Amino acid sequence: MDDPPISRGFRSNRQGQAPSNRLPPGQYVTSDFPVLSAGPTPHLSLDDWSLALEYEGTVLGIWSWGQFEDLPQTPIRADIHCVTKWSKLDTTWQGVMFDDLLRAAGLRKPPAPYVMAHSKSGYTTNLAVDDLVGGKGAVVTRYANSPIEPVHGGPARLFVPHLYFWKSAKWLRRLSFMESNKPGFWESAGYHIRGDPWKEERYDGD
Amino acid sequence: MTDGRTGSARRLEWQVAEVRDIVVETPRVKTFLMDVASWRGHLPGQHVDIRLTAEDGYQAQRSYSIASPPEDELIALTVVRVDNGEVSPYLHGELRGGDQFELRGPIGGYFIWTTAVGVPLQLIGGGSGVAPLMAMLRHRDRRDDHGPAMLLYSSRSVEEIIYREELDAMTRRDRDLRVINTLTSRQPEGWSGYGRRIDKAMLAESCFPPEASPKSFVCGPTPFVESASRFLVELGHDPLSIKTERFGPTGA
């Protein structure tokens, strides 16, 4: 398009902001931890919590809270980027890497190239397996050394920090492998099918 | 990119929007009425992204809800001035009629109500969270086939009630609409409405009963939305009937 109109008198007030290699286009740094959800926050009991890995209706693995806590735990430090424009740098989490989850289910390789993540709230989001394996994705249960609060997706949420944060589904209950890429909840409501913040894939068609 | 989808992806292009008018709503809130030449239309509850470009090329983006109904020509963006913010002090202090900036949208396919979604319409707003709810009420007001609706609206003081006169006028001409205000920090003399933060008792008194299956929309700051939506669930409303939009502290 033509050059954008210049806003006279508008200037950056970013003091001490992140170096540009830490901040994707259109994002700004916040020290808060804002919340974005489509509905009421579910408050889940650990007693009846479970996480299942599925493929075409077959359960490949299912873990109770205690069993999940016994899986290999990995600390993660990462920057997170929300499609609503805030980024939060150097956040610390802990959980089970997707690779370890596959191993725990006895899978030598993923059975299909895509995954739909299902939340307790009915929320879904789709991901390519390539965006989860090789240390790229995890199911996390700790934030800043504490259990994750319900409002931030506890007890367990998906964590895929190299994509916009809506892909890191809160209140995760189920990961279902699928042969073709189907849009999840926000992806069906106008958001991008993959959501890479460095390519600024915010909305459908970006 | 479009596997699993019908239709082709339509990219949301940046467009130039021009300020037609600026309405001072409250001491901290202004509405900017924007003319967007090739606006594709929107649904009540959707938002836009705006992008400002400084003289040195620096750009900043923010999201704002659309407060105008689809029936209006101009796009109304209601913005709170955040004192230490970057974008809102510029919009409030510098922007004049005829000024331009970039905008793209509409965005969001979930927090939406049209008369086709059904009634009763149950709106619960805190502060500037009323903006997308106002788009729904204005849309409803333009239609003849509207049914029962209510807005429970929390403001700090009577001076900070956004769209106050318009809401008063709407309720005067529409018996199916109830607007219930609560003033959380200062109440004028003789105030007969609520004077506290939204709580479960207030929602029980004000809202439609769960058996009426209202379509609920809750918008405001995160703690407001968290408590209001939790109370609705506790009162027996179906969690899936409650749509939320949170205005974090970051809309600065």
Side-chain angles (χ1 to χ4, degrees), chain A residues 1-14 25-43 82-88 114 120-122 126 150-151 178 180-194 200-206, chain B residues 1-5 8-16 18 46 49 51-56 58-63 84-87 89-90 93-95 99-102 104 106-111 218 222 225-226 229-230 232-233 237 239-240 242-246 248-252:
Chain A
M1 66 177 285
D2 299 337
D3 288 342
I6 301 296
S7 293
R8 287 170 286 99
F10 173 65
R11 63 185 66 83
S12 165
N13 72 352
R14 297 180 166 186
Q27 298 292 110
Y28 60 92
V29 172
T30 180
S31 54
D32 300 317
F33 196 162
V35 169
L36 189 78
S37 327
T41 295
H43 293 259
C82 180
V83 71
T84 61
K85 322 266 173 3
W86 58 264
S87 291
K88 190 171 171 62
Y114 298 97
K120 174 63 182 171
S121 58
N126 60 296
V151 67
M178 50 188 186
S180 63
N181 200 9
K182 298 188 187 74
F185 175 88
W186 290 113
E187 295 83 4
S188 299
Y191 287 81
H192 196 273
I193 194 86
R194 175 155 185 259
E200 209 173 358
E201 295 172 337
R202 297 182 193 276
Y203 310 119
D204 194 7
D206 276 355
Chain B
M1 210 302 301
T2 52
D3 32 345
R5 303 211 167 194
S8 61
R10 297 181 305 170
R11 183 177 155 79
L12 287 175
E13 299 289 352
W14 289 105
Q15 303 180 57
V16 174
E18 188 170 305
Q46 289 187 299
D49 283 1
R51 182 164 72 180
L52 302 182
T53 303
E55 277 162 304
D56 65 0
Y58 170 77
Q59 292 188 321
Q61 294 185 29
R62 293 292 186 276
S63 299
N84 56 356
E86 182 177 66
V87 171
Y90 166 79
E94 304 287 340
L95 209 58
D99 285 355
Q100 297 180 330
F101 55 77
E102 289 178 293
R104 68 173 181 154
I107 296 156
Y110 179 70
F111 194 85
V218 185
T222 289
V225 172
E226 279 301 307
S229 59
R230 189 179 76 240
L232 285 176
V233 172
H237 293 273
L240 294 177
I242 304 165
K243 299 187 175 184
T244 62
E245 186 100 284
R246 292 159 166 91
T250 58

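For clarity, every value in this text was computed on a predicted model and none was experimentally measured. So you know, we letter chains A, B, ... as the sequences are listed, proteins then strands, and number each from 1.
Closest heavy-atom contact between B:Ala54 and A:Arg11: CB-CA, 4.2 Å. Between A:Gly9 and B:Glu55, the closest heavy-atom pair is N-OE1, 4.2 Å. Across all non-hydrogen atoms, the minimal contact from A:Pro4 to B:Glu102 is CB-OE1, 3.2 Å. The two residues B:Tyr90 and A:Arg8 make their nearest non-hydrogen contact at CE1-O, 3.1 Å. The two atoms that bring B:Ile107 and A:Tyr191 nearest to each other are CG2-OH, 3.4 Å, heavy atoms only. Between A:Phe10 and B:Ala60, the closest heavy-atom pair is CZ-CB, 3.8 Å.
Annotation: side-chain contact (heavy atoms from CB on, under 4.5 Å) contacts of B:Pro239 (sequence neighbours excluded): A:Pro40, B:Val233. By the ring-ring contact (aromatic ring centres under 6.0 Å, His included) test, B:Phe101 pairs with no residue at all, sequence neighbours left out.
In this structure, chain A has no heavy atom under 4.5 Å from any part of B:Leu95. For B:Glu226, the part lying under 4.5 angstrom from a heavy atom of chain A is the side chain only.
The shortest side-chain heavy-atom distance between A:Arg202 and B:Leu12 does not fall under the 4.5 Å cut-off. The shortest distance between side-chain heavy atoms of B:Arg246 and A:Thr84 does not fall below 4.5 Å.
For the atom pair B:Leu52 CG and A:Ile6 CD1, the distance stands at 10.5 Å (nearest 0.5 Å).
For the 3.5 Å distance criterion, the side chains of A:Ser7 and B:Glu94 fail to qualify, holding no donor opposite an acceptor.
Residue A:Lys88 qualifies as enclosed at atom NZ: its count of foreign heavy atoms under 6.0 Å is above 12.
Comparing B:Glu13, B:Gln61, B:Lys243 by heavy-atom pairs within less than 4.5 Å of chain A, the highest count is held by B:Gln61.
The closest donor-acceptor contact from the side chain of B:Thr244 to the backbone of A:Ser37 lies under 3.5 Å.
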